[in-house]
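A short write-up of the structure that comes next.
Naming: A, B, ... by sequence-line order, numbering from 1 per chain.
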Amino acid sequence: MIALPEPAKYFQVVWEIVRQIPYGQVTTFKQIAEMIPPPAGVEVEDYSRLGARWVGDALNAVSIPDEPTVPWHRVINSRGSISLPETSQGAALQRGRLRAEGVEFDAKDRVDFDRCGWEGPDAAWVAAHGLLPAHSLRKPPTDAPQQMSLF
DNA sequence: CGTTTGACTACGC
DNA sequence: CGCGTAGCCAAAC
């Protein structure tokens, strides 16, 4: 079976990436996982399946003292919504912090990745840390825009 | 020491 | 689209 070889080390990388997320922008567990190369001993296939989960574990492991240095509230799930239990205190805190940063939630309590989705760290930073380029959360520009503005 | 639960996703209806 | 389910790992019971 595949286990995360060095959780502490992996967590550190996750936190370092989270620290790069700009104010007012959000990213997903998956996007972060995709930026981190599969740990030694972990098959790529397995990693693609488990990475996001491990990122979640990493955020969950952020200690109180370190909490101010890791903007964990800017990490949400791939559906664009907060993953903490709706009734939880953490969810309220996360939503409050994001709203304070100008991130808006729609009627379904989801954010618009096209507006505030993170494009990832700049290439130089990625290379310097031996990471992989991030997949953009925003829709790729199309030649024939899906819908023209009515105004 | 077996079970349950969780800050995930992909996939099928 | 929305909701339920299956896989998976790790930590907490």
Side-chain angles (χ1 to χ4, degrees), chain A residues 1-121 126 129 131-140 142 144-148 150:
Chain A
M1 267 321 163
I2 312 90
L4 181 55
E6 300 178 87
K9 188 176 173 184
Y10 186 89
F11 290 179
Q12 293 278 356
V13 178
V14 172
W15 299 338
E16 201 51 45
I17 293 174
V18 172
R19 278 190 257 263
Q20 308 306 311
I21 308 171
Y23 180 98
Q25 290 184 42
V26 299
T27 186
T28 66
F29 298 95
K30 184 185 173 185
Q31 190 196 34
I32 291 174
E34 288 172 340
M35 293 179 56
I36 305 175
V42 178
E43 296 298 328
V44 175
E45 186 184 335
D46 295 318
Y47 182 68
S48 67
R49 201 169 35 201
L50 305 172
R53 201 104 178 184
W54 288 338
V55 171
D57 291 339
L59 293 194
N60 197 39
V62 173
S63 62
I64 299 297
D66 288 336
E67 195 262 357
T69 74
V70 182
W72 56 268
H73 59 279
R74 297 179 189 141
V75 185
I76 58 182
N77 61 37
S78 61
R79 296 176 331 205
S81 58
I82 287 173
S83 269
L84 286 158
E86 230 175 290
T87 59
S88 74
Q89 202 167 264
L93 177 62
Q94 182 169 22
R95 190 161 39 241
R97 283 187 182 178
L98 287 177
R99 276 184 43 76
E101 294 188 3
V103 175
E104 298 173 4
F105 289 83
D106 64 17
K108 298 165 205 157
D109 219 31
R110 294 194 293 210
V111 308
D112 182 4
F113 284 129
D114 286 329
R115 259 170 59 81
C116 53
W118 189 32
E119 299 280 23
V126 170
H129 289 258
L131 300 175
L132 304 170
H135 295 59
S136 175
L137 296 172
R138 308 189 185 194
K139 287 183 196 132
T142 54
Q146 51 286 40
Q147 180 171 355
M148 202 180 305
L150 293 174

Do we see a donor-acceptor contact under 3.5 Å between the side chains of A:D66 and A:S63? yes

Quick test: give all pairs of protein nitrogen or oxygen and nucleotides 2-4 of chain C nitrogen or oxygen below 3.5 Å, distance rounded to 0.1 Å.
from  : atom 1 : to     : atom 2 : distance (Å)
C:dG2 : OP2    : A:R110 : NH2    : 3.3

Evaluate the side chain to side chain contact (heavy atoms under 4.5 Å, CB included) criterion for residues A:S136 and A:W118: first the C-alpha distance (whole Å), next the side-chain angles of each, then the deciding distance (0.1 Å), finally the verdict. CA-CA 7 Å; A:S136 175; A:W118 189 32; over 6 Å; no

Table of protein N/O atoms under 3.5 Å from nucleotides 11-13 of chain C N/O atoms:
none

CG (A:L84) and CG (A:N77) are apart, to the nearest 0.5 Å, by 10.0 Å

Just wondering, are more than 12 heavy atoms of other shown residues or ligands nearer than 6.0 Å to CZ in A:R115? no

Which residues satisfy the side chain to side chain donor-acceptor pair (under 3.5 Å) test with A:D109, sequence neighbours excluded? A:R95

Do the side chains of A:E119 and A:R138 get close enough for a salt bridge, i.e. N-O under 4.0 angstrom? yes

With DNA chain C as reference, determine whether A:R53 or A:D57 sits nearer its 5' end, using the nearest nucleotide of each. A:R53

Taking side chain to side chain donor-acceptor pair (under 3.5 Å) as the test, write out the residues that go with A:Q25, two or more places apart. none

Does A:W54 reach the main-chain N or O of A:A33 with its side chain, forming a donor-acceptor pair under 3.5 Å? no

For the side chain of A:Q20 and the backbone of A:E16, is there at least one donor-acceptor N/O pair under 3.5 Å apart? yes

Near DNA chain B, counting only heavy atoms under 4.0 Å, which residues of residues 76-85 of chain A show up? A:N77, A:S78, A:S83, A:L84, A:P85

Rounding to an integer number of Å, can you tell me how far A:E45 CD sits from C:dC8 C1'? 12 Å

Same-atom distance (C1') from C:dC13 to B:dC1, integer angstrom: 11 Å

Using the rule given for side chain to side chain contact (heavy atoms under 4.5 Å, CB included), can you reason through A:R74 versus A:R97, listing the C-alpha separation, both sets of side-chain angles and the distance that settles it, and then say yes or no? CA-CA 9 Å; A:R74 297 179 189 141; A:R97 283 187 182 178; over 6 Å; no

Mind calculating the distance between CZ (A:R49) and P (C:dA10) to the nearest angstrom? 13 Å

Is there a side-chain contact between A:E104 and A:C116, using heavy atoms and a 4.5 Å cut-off? no

With a 4.5 Å limit on heavy-atom distance, are the side chains of A:L4 and A:P39 in contact? yes

Nucleotide interval of DNA chain B bounded by contacts with chain A (heavy-atom cut-off, under 4.0 Å): B:dG6 to B:dA10

Using the C1' atom as the reference point in each nucleotide, state the distance between B:dG6 and C:dC8 in Å, no decimals. 12 Å

Paired with A:V13, the side-chain contact (heavy atoms from CB on, under 4.5 Å) test is passed by just one of A:I32, A:I36, A:V18, namely A:I36

Measure CG/A:D46 against P/C:dC8 and give the value in whole Å, please. 8 Å

